[in-house]
*Asks:* 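Pasting a structure below so you can have a look.
As a basis for the values below, the full set of heavy atoms in this structure was taken, side chains included, without hydrogen atoms, waters or symmetry mates.
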Amino acid sequence: MTTGPGGRDAWGIRNAALPGREGRWRVIVAGGRIAEVAPEGDGGRYADVWDAGGRLLSPAFVDPHVHVDKALTSDRVHDAVAASDLDAAIRAVRRLKSAFTEEDVAARATASLQMGLMHGTTVARTNCEADRHVGLRAVAGVRAAARVLAGKVDLQVIAFPQEGWFETAGSVEDGAAPYIEQALEAGVRIVGGNVNRALWPSDPERQVDESFALAARYDCDIDYHLDNWDTPESFTLPYVAHKTLAQGWQGRVAVSHIASLACVGEAEAADAIDALGRAGVNVCVLPTRMRLTRVLELMEAGINVACGTDNMRDPFVRYGDADPLKAMLLLAQITHQLHNAGLERIWSTMTGNAARMLRLQDYGMEPGCHADLVLLDAHSAPDAILRQAARLAVFKRGVQVAGRRMA
């Protein structure tokens, strides 16, 4: 692995297309950061070393919602699980993860993150289960994978209560809350939640209260699976927004799915979206679910909307290869955003918007930003999504970490 093309610490790519900008550009990298972004032909401090030929150079992708701890396990369960319900998938994963070892999780997590890296993802946020069935073995395995890929992929870890927060006799809810706190004590810095009134018999507002209290105690961000049900009965979103404001956690809370927002009435939905905006709550949509929330209404209201690849080849989702372009194309198809303006907006869901959700510093395509970049065989962001363009080269802090070797 060299410092940059030709082993140089200061190098550049000329004649590149940039997302959302007209014309052709030169991008100079020095010391792992972007030193200069200038229109082609404007001179510069460093010699250009590679001609992009009009191809697209973008900030590298950020995948804000994955599950690498249980990825690549679909071959370990009976085929029928894929056609059954959420309850059955939870029980199938429960049996699987009881046998997980730290080494097994680390190997699969590493393979999953490497898939994403080949597709241009250099930052990801993973949900990681902690409960009586897996203990903290998954957390340890995922963190081991992060160490293996240090310098190539930055990984944020969520302590995720897949089993539910409370223990409720006679139900599938199995009381993960004590293990979530153990994960925080072990150094995980994002509190997860699985808040769904239709799935768990317990009080969802109480789960929100307790998880917010943990976040305050450990000074953690919050990232919930929230209201993942296609009925209005599972609608805790307004409570989360108001709790965010009350605790002063603006910008530090993300919610994924929020499918029930599409099932409530127009006035109730508008009030909830307004509350999200005032609270600065980030929303992550997962297009593999197919039936989504009010994506376009959230975007139009100025809510920060990100997109993730979600589960990959496990009892919940049997397919997937951690490719952001596939997730973006599916999101574009489901939301009918196949015109250029819509596709540019969808590009942001796995670049700038996702970086904002993860509170990344110095991300982007401006001088001073980290040189986390992906070069694609396309001439614009819409072109890249529609043609599922090949990733020619991927850079992390100015070092080429994937793709064909540049001269």
*Asks:* In terms of side-chain heavy atoms, does Ser202 have a donor or acceptor partner in Glu173 at a distance below 3.5 Å?
*Replies:*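 The criterion, which ignores hydrogens and geometry beyond distance, is satisfied for Glu173 and Ser202.
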*Asks:* Do any N or O atoms from the side chain of Asn353 and from the backbone of Val305 form a donor-acceptor pair under 3.5 angstrom?
*Replies:*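 Yes, because the side chain of Asn353 sits within donor-acceptor range (under 3.5 Å) of the backbone of Val305.
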*Asks:* Under 3.5 Å, is there a donor-acceptor pair between the side chain of His379 and the main chain of Gly54?
*Replies:*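 Answer holds: yes.
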*Asks:* Taking the basic N atoms (NZ, or NE/NH1/NH2) and the acidic carboxylate oxygens, is any pair closer than 4.0 Å for Glu366 and Arg33?
*Replies:*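 Looking at Glu366 and Arg33, the cut-off is not met.
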*Asks:* Just do the salt bridge (charged side-chain N to carboxylate O under 4.0 Å, His left out) check on Lys243 and Asp209 with the steps written out, would you?
*Replies:* CA-CA 8 Å; Lys243 188 75 177 181; Asp209 289 345; 3.2 Å; yes
*Asks:* Starting at CG of Asp323, measure out to CE of Met312 and round the result to the nearest 0.5 Å.
*Replies:*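 Rounded to the nearest 0.5 Å, the CG-CE separation comes out at 11.0 Å.
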*Asks:* Evaluate the side-chain proximity of Met299 to Thr349: yes if any heavy-atom separation is below 4.5 Å, no if none is.
*Replies:*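 Yes, at least one pair of side-chain atoms sits under 4.5 Å.
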*Asks:* When you measure from the side chain of Thr121 to the backbone of Leu117, do you find a donor-acceptor pair of N or O atoms at a distance under 3.5 Å?
*Replies:*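 Flag not set: sc Thr121 to bb Leu117 has no pair under 3.5 Å.
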*Asks:* Could you walk me through whether Lys70 and Gln162 pass the side-chain hydrogen bond (donor to acceptor under 3.5 Å, both in side chains) check?
*Replies:* CA-CA 11 Å; Lys70 60 193 176 197; Gln162 175 67 74; 3.0 Å; yes
*Asks:* Verify the distance criterion only: is there a donor paired with an acceptor across the side chains of Tyr319 and Ser74 at less than 3.5 Å?
*Replies:*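 No donor-acceptor contact under 3.5 Å links the two side chains.
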*Asks:* Is any side-chain N of the basic residue among Arg397 and Asp372 closer than 4.0 Å to the acidic one's carboxylate O?
*Replies:*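 So Arg397 pairs with Asp372 through a salt bridge.
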*Asks:* Between the main-chain N or O of Phe316 and the side-chain N or O of Arg318, is there a donor-acceptor pair closer than 3.5 Å?
*Replies:*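 The answer is no, because no donor-acceptor pair under 3.5 Å joins these two groups.
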*Asks:* Could you give me the CA-CA distance, side-chain angles and deciding distance for His257 and Leu226, then say whether side-chain contact (heavy atoms from CB on, under 4.5 Å) is met?
*Replies:* CA-CA 6 Å; His257 293 299; Leu226 184 68; over 6 Å; no
*Asks:* At their closest point, which heavy atom of Ile222 faces which heavy atom of Trp249, and how far apart are they?
*Replies:*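 It is CD1-CD1, 4.1 Å.
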*Asks:* Could you grab the distance from atom OG of Ser112 to atom CG of Asp69, nearest 0.5 Å is fine?
*Replies:*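 Between Ser112 OG and Asp69 CG, I get 9.5 Å after rounding to 0.5 Å.
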*Asks:* What are the two closest non-hydrogen atoms of Leu325 and Gln388, and how far apart are they?
*Replies:*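 Taking every non-hydrogen atom into account, O-NE2, 3.0 Å.
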*Asks:* Any donor-acceptor pair under 3.5 Å linking the side-chain atoms of Glu210 with those of Trp165?
*Replies:*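 A donor-acceptor contact under 3.5 Å links the two side chains.
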*Asks:* With a 4.5 Å heavy-atom cut-off, do Asn282 and Val253 have their side chains touching?
*Replies:*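 Not in contact.
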*Asks:* With distance as the sole criterion, is a donor-acceptor pair present between the side chains of Asp314 and Thr73 under 3.5 Å?
*Replies:*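 The criterion, which ignores hydrogens and geometry beyond distance, is not satisfied for Thr73 and Asp314.
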*Asks:* Compare all side-chain heavy atoms of His65 with those of Thr309 and state whether any distance is below 4.5 angstrom.
*Replies:*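 The answer is no; the side chains never approach within 4.5 Å.
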*Asks:* Do side-chain atoms of Gln247 reach the backbone of Phe212 as a donor and acceptor pair under 3.5 angstrom?
*Replies:*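 Between the backbone of Phe212 and the side chain of Gln247 there is a qualifying donor-acceptor contact (under 3.5 Å).
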*Asks:* Taking Glu163's backbone N and O only, do any of them form a donor-acceptor pair with Arg94's side chain (distance below 3.5 Å, no angle check)?
*Replies:*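 Not confirmed, Arg94 side chain does not pair with Glu163 backbone.
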*Asks:* Does the Thr101 side chain pair with the main chain of Asp104, one donor and one acceptor, at a distance under 3.5 Å?
*Replies:*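 Yes: the side chain of Thr101 pairs with the backbone of Asp104.
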*Asks:* Would you check if Thr351 and Arg356 make a side-chain contact, meaning some heavy-atom pair closer than 4.5 Å?
*Replies:*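 Result no, sub-4.5 Å side-chain heavy-atom pair not found.
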*Asks:* With side-chain contact (heavy atoms from CB on, under 4.5 Å) as the test, would you mind laying out the steps for Val191 and Asp223 before giving the verdict?
*Replies:* CA-CA 6 Å; Val191 179; Asp223 195 322; over 6 Å; no
*Asks:* Show your working on side-chain contact (heavy atoms from CB on, under 4.5 Å) between Arg55 and Leu375 and close with a plain yes or no.
*Replies:* CA-CA 7 Å; Arg55 295 181 181 88; Leu375 181 68; 4.3 Å; yes
*Asks:* Indicate the atoms forming the closest heavy-atom contact of Ser260 with Phe235, along with that distance.
*Replies:*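 Minimum heavy-atom contact is OG-CD1, 3.4 Å.
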*Asks:* What do the steps show when you test Val123 against Lys396 for side-chain contact (heavy atoms from CB on, under 4.5 Å), and what is the final call?
*Replies:* CA-CA 10 Å; Val123 182; Lys396 183 68 174 176; 3.7 Å; yes
*Asks:* Would you say the side chain of Leu360 lies within less than 4.5 Å of the side chain of Gln156, judging by non-hydrogen atoms?
*Replies:*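 Side chain of Gln156 against side chain of Leu360, heavy atoms only: contact under 4.5 Å found.
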*Asks:* Do Arg289 and Asp230 pass the salt bridge (charged side-chain N to carboxylate O under 4.0 Å, His left out) test, and can you show the C-alpha distance, the side-chain angles, and the key distance before you say yes or no?
*Replies:* CA-CA 11 Å; Arg289 191 186 188 279; Asp230 295 311; 3.2 Å; yes
*Asks:* For Trp347, does the six-membered ring have the charged nitrogen or CZ of Arg345 within the cation-pi criterion, i.e. under 6.0 angstrom from the centroid and within 45° of the normal?
*Replies:*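 No.
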*Asks:* Between CD1 of Ile273 and CD of Glu268, what distance do you get to the nearest 0.5 Å?
*Replies:*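 Answer for the CD1-CD pair, Ile273 versus Glu268, is 11.5 Å.
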*Asks:* Side chains of Asn228 and Asn196 only: does a donor on one sit below 3.5 Å from an acceptor on the other?
*Replies:*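 Asn228 vs Asn196: no donor-acceptor pair found between side chains.
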*Asks:* Using modelled atom types only, decide if a donor and an acceptor are shared between the side chain of Arg14 and the backbone of Glu40 within a distance under 3.5 Å.
*Replies:*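 No: the side chain of Arg14 does not pair with the backbone of Glu40.
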*Asks:* Nearest heavy-atom pair of Ala176 and Ala130: which atoms, and what distance?
*Replies:*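 Scanning both residues completely, I find the closest heavy atoms to be CB-O, 3.6 Å.
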*Asks:* Could you check whether any side-chain heavy atom of Leu155 comes within less than 4.5 Å of a side-chain heavy atom of Leu149, counting everything from C-beta outward?
*Replies:*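 Heavy-atom side-chain distance check fails, nothing below 4.5 Å.
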*Asks:* Among Arg132, Lys97, Arg91, which one satisfies salt bridge (charged side-chain N to carboxylate O under 4.0 Å, His left out) with Asp174?
*Replies:*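 Result for salt bridge (charged side-chain N to carboxylate O under 4.0 Å, His left out) with Asp174: Arg132.
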*Asks:* Is any side-chain N of the basic residue among Asp377 and Arg404 closer than 4.0 Å to the acidic one's carboxylate O?
*Replies:*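 Looking at Arg404 together with Asp377, the answer is no, because their closest N to O distance does not fall below 4.0 Å.
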*Asks:* Atom CG of Leu136 and atom CD of Glu102: how far apart are they, to the nearest 0.5 Å?
*Replies:*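 It comes to 10.5 Å.
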*Asks:* In terms of side-chain heavy atoms, does Tyr218 have a donor or acceptor partner in Glu181 at a distance below 3.5 Å?
*Replies:*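 Per modelled atom types, Tyr218 and Glu181 side chains form a pair under 3.5 Å.
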*Asks:* Would you check if Asp154 and Leu358 make a side-chain contact, meaning some heavy-atom pair closer than 4.5 Å?
*Replies:*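 No, every pair of side-chain atoms sits at 4.5 Å or beyond.
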*Asks:* Looking only at atom types and distance, does a side-chain atom of Asp227 sit under 3.5 Å from a main-chain N or O of Thr236, one as donor and one as acceptor?
*Replies:*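 Checked: pair present.
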*Asks:* Could you tell me if Arg108 sits above the aromatic ring of Phe100, with its cationic atom closer than 6.0 Å to the ring centre and no more than 45 degrees from the axis?
*Replies:*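 Positive - Arg108 is close enough to the ring of Phe100 and near enough to its axis.
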*Asks:* Can you tell me how far the CE atom of Met290 sits from the CG atom of Leu330, to the nearest 0.5 Å?
*Replies:*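 Answer for the CE-CG pair, Met290 versus Leu330, is 5.0 Å.
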*Asks:* Is a side-chain donor or acceptor of Thr126 paired with a backbone partner of Val68 at a separation under 3.5 angstrom?
*Replies:*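 Flag set: sc Thr126 to bb Val68 pair under 3.5 Å.
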*Asks:* Leu237 and Leu276: which non-hydrogen atoms are nearest, and at how many Å?
*Replies:*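 Shortest heavy-atom contact: CD1-CD2, 3.5 Å.
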*Asks:* With a 4.0 Å cut-off, would you call Asp51 and Arg24 a salt bridge?
*Replies:*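 Not counted as a salt bridge, because no side-chain N and carboxylate O are separated by less than 4.0 Å.
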*Asks:* Please round to the nearest 0.5 Å and tell me the distance separating atom CG of Asp131 and atom CD of Gln182.
*Replies:*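 Asp131 CG to Gln182 CD: 10.5 Å, rounded to 0.5 Å.
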*Asks:* Give the C-alpha distance, both sets of side-chain angles, the deciding distance and a yes or no for salt bridge (charged side-chain N to carboxylate O under 4.0 Å, His left out) between Glu129 and Arg137.
*Replies:* CA-CA 9 Å; Glu129 297 175 28; Arg137 297 191 303 279; over 6 Å; no
*Asks:* Examine His225 together with Phe160 and report whether their ring centres are nearer than 6.0 Å.
*Replies:*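 His225 vs Phe160: aromatic centres under 6.0 Å.
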*Asks:* Less than 4.5 Å apart, any side-chain heavy atom of Tyr224 and any of Asn194?
*Replies:*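 Side-chain contact under 4.5 Å: no.
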*Asks:* Report the residues that fulfil side-chain hydrogen bond (donor to acceptor under 3.5 Å, both in side chains) with Glu344, sequence neighbours left out, ordered by chain and then residue number.
*Replies:*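 Scan of Glu344 (side-chain hydrogen bond (donor to acceptor under 3.5 Å, both in side chains), adjacent residues dropped) gives none.
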*Asks:* Which atom names give the shortest non-hydrogen contact between Ala124 and Val66, and what distance separates them?
*Replies:*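 Residues Ala124 and Val66, closest heavy atoms: CB-CG2, 4.5 Å.
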